[in-house]
Number of protein chains: 2
Amino acid sequence: MVKYSQHQLDLAFGALAHPIRRGILARLSTGEASVAELAKPFKVSAPAITKHMKILEEAGLLSRKKLGRVHRCRLEERRMKQAQEWLAEHRKFWNDKLDALERYLKENP
Amino acid sequence: MVKYSQHQLDLAFGALAHPIRRGILARLSTGEASVAELAKPFKVSAPAITKHMKILEEAGLLSRKKLGRVHRCRLEERRMKQAQEWLAEHRKFWNDKLDALERYLKENP
DNA sequence: ACTATACTTAACCATCTGGTTAAGTATAAA
DNA sequence: TTTATACTTAACCAGATGGTTAAGTATAGT
């Protein structure tokens with residue numbers, strides 16, 4: 001069952017594969033922000049942030065509009081949800097296994 | 001709140017960012033398999049599969065033991081769960097937004 | 001008009017990814 | 001013992017990632 005474009009999932013998971021980009025997404029999950037605000041916690045150059053933004057944007061996880069010279073950024077929840085759902089599709093199996101694993105670990109500490 | 005090594009998450013999400021590797025994981029979620037069995041659905045060379053296996057293994061998503069000349073592969077549920085949980089940590093926010101989005105889309109088709 | 005701010009683009013570099021073919025190792029089967 | 005099977009390693013290549021510095025564009029403030 002292929003619900004979403006494999007390529008979109010590639011881009012979404014690839015975008016999640018870097019701590020700066022996950023940090024940006026985490027920050028955005030609490031509300032919109034400018035590029036400068038998103039960049040603040042990280043000690044890399046501005047162009048490095050621009051590149052991360054581009055990867056997030058091309059993955060469809062983030063969108064923005066320019067207000068004056070400030071770029072107002074927001075999460076794109078739909079694409080984010082698709083990544084979540086790929087994992088969720090398999091969660092039943094994994095959870096079955098995890099339940100067994102956790103029982104085992106409880107009984108064999 | 002950083003529950004897991006950022007680096008481990010990098011590797012896990014990076015490993016999820018390729019359709020062949022997601023296919024391998026999906027197959028493994030239904031039970032153990034040999035490398036040849038995992039490779040079967042994909043029309044790439046054996047060394048290409050070896051590399052995908054290595055990426056999955058280094059991400060901690062997959063383990064194996066050698067029985068004779070066959071490598072028996074299985075999912076590593078714990079690491080898989082860590083990736084799931086990073087998303088889950090943010091799901092509350094996202095779901096709030098998604099709920100709002102879906103209400104909006106229902107009312108503004 | 002000038003200067004500072006917010007951000008991007010260009011050019012460069014090292015490393016990783018994702019594929020190939022050819023060759024190698026270890027086990028099983030004949 | 002010879003051969004086939006299961007898989008890996010080596011060597012190569014193209015393209016993407018992730019960082020840098022230097023320079024550019026557009027808007028805002030003085």
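Chain A is the first sequence line, chain B the second, and so forth, proteins listed ahead of strands; every chain is numbered from 1. A quick note: this is a predicted structure, and the numbers were derived from the prediction, not measured.
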inquiry  = Could you report the tightest heavy-atom contact between A/Leu9 and A/Ala83, atom names first, then the distance?
reply    = CD2-CA, 4.0 Å
ask   = Can you list the residues that meet the side-chain contact (heavy atoms from CB on, under 4.5 Å) rule with B/Ala33, with sequence neighbours excluded?
value = B/Arg27, B/Leu28, B/Glu37, B/Leu38
Gap between atoms CZ and C1', on A/Arg21 and D/dA16 respectively (whole Å) = 11 Å
task = Answer yes or no: is there a side-chain heavy-atom contact under 4.5 Å between A/Leu87 and B/Leu16?
result = yes
In residues 43-55 of chain B, what donor-acceptor pairs under 3.5 Å come from side-chain atoms, sequence neighbours left out?
from	atom 1	to	atom 2	distance (Å)
B/Ser45	OG	B/Ala48	N	3.4
B/Thr50	OG1	B/Ala46	O	3.3
B/His52	ND1	B/Arg21	NH1	3.1

note = Result for 5'-nearest mapping on DNA chain D, choosing between A/Arg69 and A/Ala48, is A/Ala48
remark   = Here the distance between atom P of D/dG18 and atom NE2 of B/His7, to the nearest Å, is 13 Å
query = Can A/Cys73 and A/Glu32 be said to form a side chain to side chain contact (heavy atoms under 4.5 Å, CB included), step by step?
reply = CA-CA 5 Å; A/Cys73 307; A/Glu32 301 190 355; over 6 Å; no
task = Could you tell me whether the phosphate oxygens of D/dG19, OP1 or OP2, come under 4.0 Å of any side-chain nitrogen or oxygen in A/His18?
result = yes
message = Suppose we screen for side chain to side chain donor-acceptor pair (under 3.5 Å). Which residues come up paired with B/His71, at least two apart in sequence or across chains?
response = B/Arg64
key: Length of the line joining A/Lys66:NZ and D/dA28:C1', which is rounded to integer Å   = 12 Å
task = Answer yes or no: does a side-chain N or O of A/His52 lie under 4.0 Å from OP1 or OP2 of D/dG19?
result = yes
ask   = For DNA chain C, what residues of residues 53-64 of chain B have any heavy atom nearer than 4.0 Å?
value = B/Ile55
note = A/Arg22 meets the side chain to side chain donor-acceptor pair (under 3.5 Å) criterion, sequence neighbours left out, with B/Gln6, B/Asp10
request  = Give the angle between the helix axes at the two ends of the helix from C/dA1-D/dT30 to C/dA30-D/dT1, taking five base pairs at each end and rounding to 10°.
outcome  = 10°
note = Note: chain A reaches DNA chain C at heavy-atom distances under 4.0 Å over the stretch, first to last nt, 5' to 3', of C/dA4 to C/dA11
note = Looking only at heavy atoms, the pair that brings B/Val70 and B/Ser34 closest together is CG1-CB, 3.6 Å
Check: A/Ala59 main-chain N/O paired with A/Arg79 side-chain donor or acceptor under 3.5 Å = yes
note = Rounded to whole Å, the CZ-P distance (B/Phe13 to D/dT17) equals 17 Å
request  = Please say which of A/Met80, A/Glu77, A/Gln82 ends up in a side-chain contact (heavy atoms from CB on, under 4.5 Å) with A/Leu61.
outcome  = A/Met80
message = Same cluster or not: A/Leu11 versus A/Leu75, using hydrophobic residues (I, L, V, M, F, W, Y) connected whenever any side-chain heavy atoms lie under 4.5 Å apart?
response = no
request  = Check DNA chain C against residues 38-47 of chain A and give the residues with a non-hydrogen atom under 4.0 Å, in numerical order.
outcome  = A/Ala46, A/Pro47
task = Return each pair, listed once, that meets ring-ring contact (aromatic ring centres under 6.0 Å, His included) where at least one residue sits in residues 24-50 of chain A; pairs must be two or more places apart or across chains.
result = none
